[in-house]
2 protein chains.
Amino acid sequence: MPPAQVIPLHAEPALFNPQTRICAECGVRKFALLGVVDLADLDRVHTHISSIKLSPGQSLYSAQAPGLAAFTLRSGIVRLERTSERGERRILRLAGASDLVGMEAMLGQTYAADAVACTDVEVCRLPRSLIEELARQQPELPLNLMKRWQSALDDADEWMTELCAGAARHRMLRLLLKLTEYAEGDRVWLPSRQEMSAMLDMTIETASRLVSQLKREGVLDTPDQRHAVIHNDALMAALRSDSLSA
Amino acid sequence: MPPAQVIPLHAEPALFNPQTRICAECGVRKFALLGVVDLADLDRVHTHISSIKLSPGQSLYSAQAPGLAAFTLRSGIVRLERTSERGERRILRLAGASDLVGMEAMLGQTYAADAVACTDVEVCRLPRSLIEELARQQPELPLNLMKRWQSALDDADEWMTELCAGAARHRMLRLLLKLTEYAEGDRVWLPSRQEMSAMLDMTIETASRLVSQLKREGVLDTPDQRHAVIHNDALMAALRSDSLSA
DNA sequence: CGGGACCTTGAGGCCTCTCAAACTTTGTGG
DNA sequence: CCACAAAGTTTGAGAGGCCTCAAGGTCCCG
């Protein structure tokens, strides 16, 4: 359950379902899939949304498992990963607050990847039947879903062009830049070296060497093991000088 | 125009629009987006489908251009590519017969990548308004579109795990395997070394060396510069022994 | 026949991997 | 609270894979 601070609802109609109240107060709702849905409609629906909390390393769902629900991220970062035919784990992309993951469940398909929490994570579970029921009342919902599919595809394409190609140092710099997109405050989540290596297709040792080097260069500081402060101008300067030499 | 062999339409109702007749005779229609659409509905629609032919290297659409139509591939292979911020071209994935490309146009967005013909290509141009008009009559159409988005995402994810990671030789073997998916007969399209290097993130020289080596090993033959015969058992054996040593 | 685009091959060097060891952090139990 | 184990990180040295630079070959087309 999310931390249910009971804030009075002013202009909203009376809501009967306690979960709907939580939705009404949700900080990411207006950016999320159900942001287009009337709270009143949501309140009338039979299937229930449930809130789930995960700790780093915990799995949200697994590839090949029957997809019964999609999930909206309320906070934290989730990684989507796959195991290659050679048996190596590869991180495909990250999802952050207000992102929707596991959309393939809406098509009755099995999940296409593993979803694992990178940080403490809060998600809302949206069962397939809920979305279908709401879609009947809200014709915009399928359109919003399609836009989310396209934006997942854009993310995948960007990941591919920027994080999968070029020298190791350059890929690491691009990763740091990407991590700032998921920042909460001035600190960003700093992946483990293992995670970095699975995202950037390099060894743990190379990832470690690069992070150490960039720390020495003043591109980032690590107040603790799982957080970094990234100095944007130094990062940008490093990226620029990197492009020149290439 | 596609080669319009006039085959009599038996049980079908009379079709008035000459393009609809071409659709009726299209070899890939039942696998394509409009496979779920009644020919009679298609015949009544105001917006027109048009057929386009492209030669290798010709552009179907460009990234950032306003997306006015999606395209169903009737034959040939199209590559989707992007230019990274460093200015390097990267091939993201391939599309083959019955695939739908440029779906982002259905959302009123600009195209997310460049689409370029790799071989001789025939496509059907499906304007946005056509899809919207048909969707009103055919509620299955949006669902089919969503499935295609998901499958594009699956392709992107598979490309990422299998073609973007590991040793150069392994990536090349995986590419040859992928090319067999687009085979017409026993010959597969063999990309130029330039294209290979943009798909696998390696230099032209490395791609050339690997192809030469695999030819010597009997994994493939090249009857001409743009085609190969791939010997599946040798390819599989190479992939297996590759995984063992890793 | 000459030029251009593409492919192939070689030599040398750098980047990244492999293997190994030491260090740091985290968690557990005394 | 400390000791210890386990996991994760850092650093080094050496090897090897891939890149760079360069030259020569092949095919196609004017």
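Just the heavy atoms: all of them, side chains too, but no hydrogens, waters or symmetry mates, feed the values below.
- With distances taken from any side-chain atom of A/Ser208 to the nucleotides D/dG12, D/dT10, C/dT16, the minimum falls on D/dT10.
- For the pair A/Arg29 and A/Leu34, the tightest heavy-atom approach, listed with the atom from each and the gap, is NH1-O, 3.1 Å.
- Between B/Arg79 and B/Asp114, none of the side-chain N atoms (NZ, or NE/NH1/NH2) sits under 4.0 Å from a carboxylate O, so this pair counts as no salt bridge.
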key: Worked check of salt bridge (Lys or Arg N to Asp or Glu O under 4.0 Å) between A/Glu217 and A/Arg169   = CA-CA 13 Å; A/Glu217 292 178 18; A/Arg169 178 187 161 90; 3.1 Å; yes
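- Proximity note for B/Arg216 (side chain, C-beta onward) versus C/dC7, D/dT10, C/dT9: the nearest is C/dT9.
- Of all nucleotides listed (C/dT9, C/dT16, D/dT11), C/dT16 comes nearest to the side chain of A/Ala168.
- In this structure A/Arg93 satisfies the salt bridge (Lys or Arg N to Asp or Glu O under 4.0 Å) test together with B/Asp157, sequence neighbours excluded.
- Comparing D/dA13, D/dT10, D/dC18 against the side chain of A/Arg209 picks out D/dA13 as the nearest.
- Both A/Arg169 and A/Gln225 lie close to DNA chain C; mapped to their nearest nucleotides by heavy-atom distance, the more 5′-ward contact belongs to A/Arg169.
- Using the six-membered ring where Trp is involved, B/Tyr111 and B/Phe71 have ring planes that are tilted, between 30° and 60° apart.
- Between the NZ atom of B/Lys215 and the C1' atom of C/dC7 there is a distance of 9 Å, rounded to whole Å.
- Residue pairs that meet the ring-ring contact (aromatic ring centres under 6.0 Å, His included) test with at least one member in residues 200-235 of chain A, sequence neighbours left out, do not exist here.
- For A/Ser192, the listed nucleotide lying nearest its side chain is D/dT9; candidates were D/dT11, C/dT9, D/dT9.
- Between its opening and closing five pairs, the helix from C/dC1-D/dG30 to C/dG30-D/dC1 changes axis direction by 40°, a value rounded to 10 degrees.
- The phosphate of D/dC19 has OP1 or OP2 within less than 4.0 Å of a side-chain N or O from B/Thr203.
- The shortest distance between the side-chain N/O atoms of A/Thr206 and the OP1/OP2 oxygens of C/dC17 is below 4.0 Å.
- Residue A/Glu205 has its side chain nearest to C/dC19 when only C/dC19, D/dC18, D/dT20 are considered.
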